[in-house]
Asks: 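Below you will find the structure I want to go over with you.
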Amino acid sequence: YSKILVPLDGSKTAEKALPYARYLAGRFKVPVELLAVVDIAEMASHMVSEKGRFLDTLIEDGVRQCTSYLSGIATTFADLDVRCSVEKGKADDTIIEKAATDKAMLITMATHGRSGLNRFLLGSVTEKVLRGTVNPLLLIRATGEAKSENEAMLKSILVPLDGSELAEGVLPMAADVAKKLDLEVELFRAYHIPHNVYAGDEGFSAGNYEELIAGVRDEAVEYLDKKA
């Protein structure tokens, strides 16, 4: 990766992506860009028409607040190259467009945040970024136990595979990340036999099923060994 882009909306939930950004930036020795978006259309939608003359003032206040907020977050990245950016526009479009300037930029986001004036709903925004970006994307599930301080720690990478070329497309990235971070890689494949394959066969016994499922399991193991 050439850079790590971290979109933030000021919420503690969104900040739960930060430990992973610190960890990866430190290990990969790449700069970090913290991004906040001032959504002018959302601001305007919360104002009655006679108050519209104050919109420019609110926008500038929003930019100042975001700049101050990001500057504070930047100080938590010890000895790392961190840049702060405040943009005006729709959050998802802004994130996608900024990342598109460099295809090697890694977007790192929490999976949900909170909505409201000067905020963006990271659950919705994240889904739109996921569907719209061509950049690599690291999504952090922001659970109640997740922290926003310090660095995260990764020990292994789980790679689910279903036998398709699409699923296998992640393997080069997983291998490269695992090598650079000294992580274990576990390849995983679930297997089963759909019930309708044998349910209507009166001559089908439990022994037949066990033999059939054993064959499917062996094929899954052989496939994973090959990919390993």
Side-chain angles (χ1 to χ4, degrees), residues 1-45 55-56 58-77 79-142 148 151-152 169-170 173 176-177 180:
Y1 308 116
S2 60
K3 180 188 288 187
I4 298 176
L5 179 67
V6 187
L8 297 169
D9 67 354
S11 69
K12 294 299 181 184
T13 304
E15 291 174 10
K16 292 180 180 181
L18 292 172
Y20 294 88
R22 296 186 190 103
Y23 173 80
L24 294 176
R27 299 307 185 278
F28 288 133
K29 308 299 181 187
V30 294
V32 174
E33 182 167 355
L34 305 177
L35 172 66
V37 181
V38 177
D39 192 330
I40 298 174
E42 184 183 9
M43 277 188 171
S45 70
L55 182 58
D56 288 343
L58 281 177
I59 292 171
E60 294 310 312
D61 285 345
V63 170
R64 280 194 295 271
Q65 290 172 13
C66 288
T67 301
S68 176
Y69 165 71
L70 293 183
S71 297
I73 295 294
T75 64
T76 67
F77 285 77
D79 302 320
L80 292 173
D81 181 8
V82 182
R83 174 187 174 188
C84 301
S85 297
V86 179
E87 305 285 350
K88 301 173 186 176
K90 284 188 62 180
D92 51 301
D93 290 341
T94 302
I95 295 166
I96 292 170
E97 290 169 7
K98 178 169 283 289
T101 61
D102 181 359
K103 297 298 189 296
M105 188 186 304
L106 173 67
I107 306 170
T108 302
M109 301 178 69
T111 55
H112 57 88
R114 66 186 184 190
S115 61
L117 193 62
N118 268 341
R119 306 283 187 223
F120 47 85
L121 184 61
L122 271 175
S124 172
V125 170
T126 299
E127 181 179 358
K128 292 176 181 177
V129 172
L130 174 63
R131 295 179 182 277
T133 188
V134 296
N135 289 70
L137 177 62
L138 174 65
L139 300 182
I140 308 303
R141 184 167 179 79
S148 60
E151 286 188 2
V170 76
M173 181 178 293
D176 195 38
V177 169
K180 287 184 169 63

Asks: How close do Ala100 and Lys103 get, heavy atom to heavy atom, and via which atoms?
Replies: O-NZ, 3.1 Å
Asks: Search all heavy atoms of Ala25 against all heavy atoms of Val32 and return the closest pair with its distance.
Replies: CB-CG2, 3.5 Å
Asks: Any carboxylate oxygen within less than 4.0 angstrom of a Lys/Arg side-chain nitrogen, looking at Lys88 and Glu60?
Replies: yes
Asks: What do the steps show when you test Leu137 against Asn135 for side chain to side chain contact (heavy atoms under 4.5 Å, CB included), and what is the final call?
Replies: CA-CA 6 Å; Leu137 177 62; Asn135 289 70; over 6 Å; no
Asks: Only counting residues at least two apart or in another chain, list the ones meeting salt bridge (charged side-chain N to carboxylate O under 4.0 Å, His left out) with Arg64.
Replies: Asp61
Asks: When rounded to the nearest 0.5 angstrom, what is the spacing between CD1 in Ile4 and CG in Leu24?
Replies: 5.0 Å
Asks: How many angstroms lie between atom CG of Leu5 and atom CZ of Arg83, to the nearest 0.5 angstrom?
Replies: 10.0 Å
Asks: Hey, what do you get for OG1 (Thr101) to CD1 (Ile96), rounding to the nearest 0.5 Å?
Replies: 13.0 Å
Asks: With heavy-atom distances below 4.5 Å as the criterion, would you say the side chains of Thr133 and Ile95 are in contact?
Replies: no
Asks: At what distance, to the nearest 0.5 angstrom, does OH of Tyr20 lie from OG1 of Thr108?
Replies: 11.0 Å
Asks: Are side-chain heavy atoms of Lys98 and Glu33 found at a separation under 4.5 Å?
Replies: yes
Asks: Drop me the distance from Thr111's OG1 to Glu127's CD, to the nearest 0.5 angstrom.
Replies: 11.5 Å
Asks: Kindly say whether Leu80 contributes a backbone atom to a donor-acceptor pair with the side chain of Arg22 at under 3.5 angstrom?
Replies: no
Asks: Give, for atom CZ of Arg131 and atom CG of Asp92, the distance between the pair rounded to the nearest 0.5 Å.
Replies: 12.5 Å
Asks: Which pair of non-hydrogen atoms, one from Ile107 and one from Ala99, has the smallest distance, and what is that distance?
Replies: CD1-CB, 3.6 Å
Asks: May I ask you to test the Ile73-Val6 pair for a side-chain heavy-atom distance under 4.5 Å?
Replies: no
Asks: Would you find more than 12 non-hydrogen atoms of other residues, nucleotides or ligands less than 6.0 Å from Tyr1 atom OH?
Replies: yes
Asks: If every non-hydrogen atom of Cys66 is compared with every non-hydrogen atom of Val38, which pair is closest and at what distance?
Replies: SG-CG2, 4.0 Å
Asks: Looking at Val82 and Ala74, what are the two nearest heavy atoms and their distance?
Replies: CG1-CB, 3.8 Å
Asks: Looking only at heavy atoms, which two atoms of Thr67 and Ser71 are closest? And how far apart?
Replies: O-OG, 2.8 Å
Asks: For residues Leu18 and Leu8, determine if any side-chain heavy atom of one lies less than 4.5 Å from a side-chain heavy atom of the other.
Replies: yes
Asks: Counting distance only, does the side-chain N/O of Asp39 pair as donor-acceptor with the main-chain N or O of Ala91 below 3.5 Å?
Replies: no
Asks: For the pair Thr126 (side chain) and Ala110 (backbone), establish whether a donor and an acceptor sit closer than 3.5 Å, ignoring hydrogens and angles.
Replies: yes
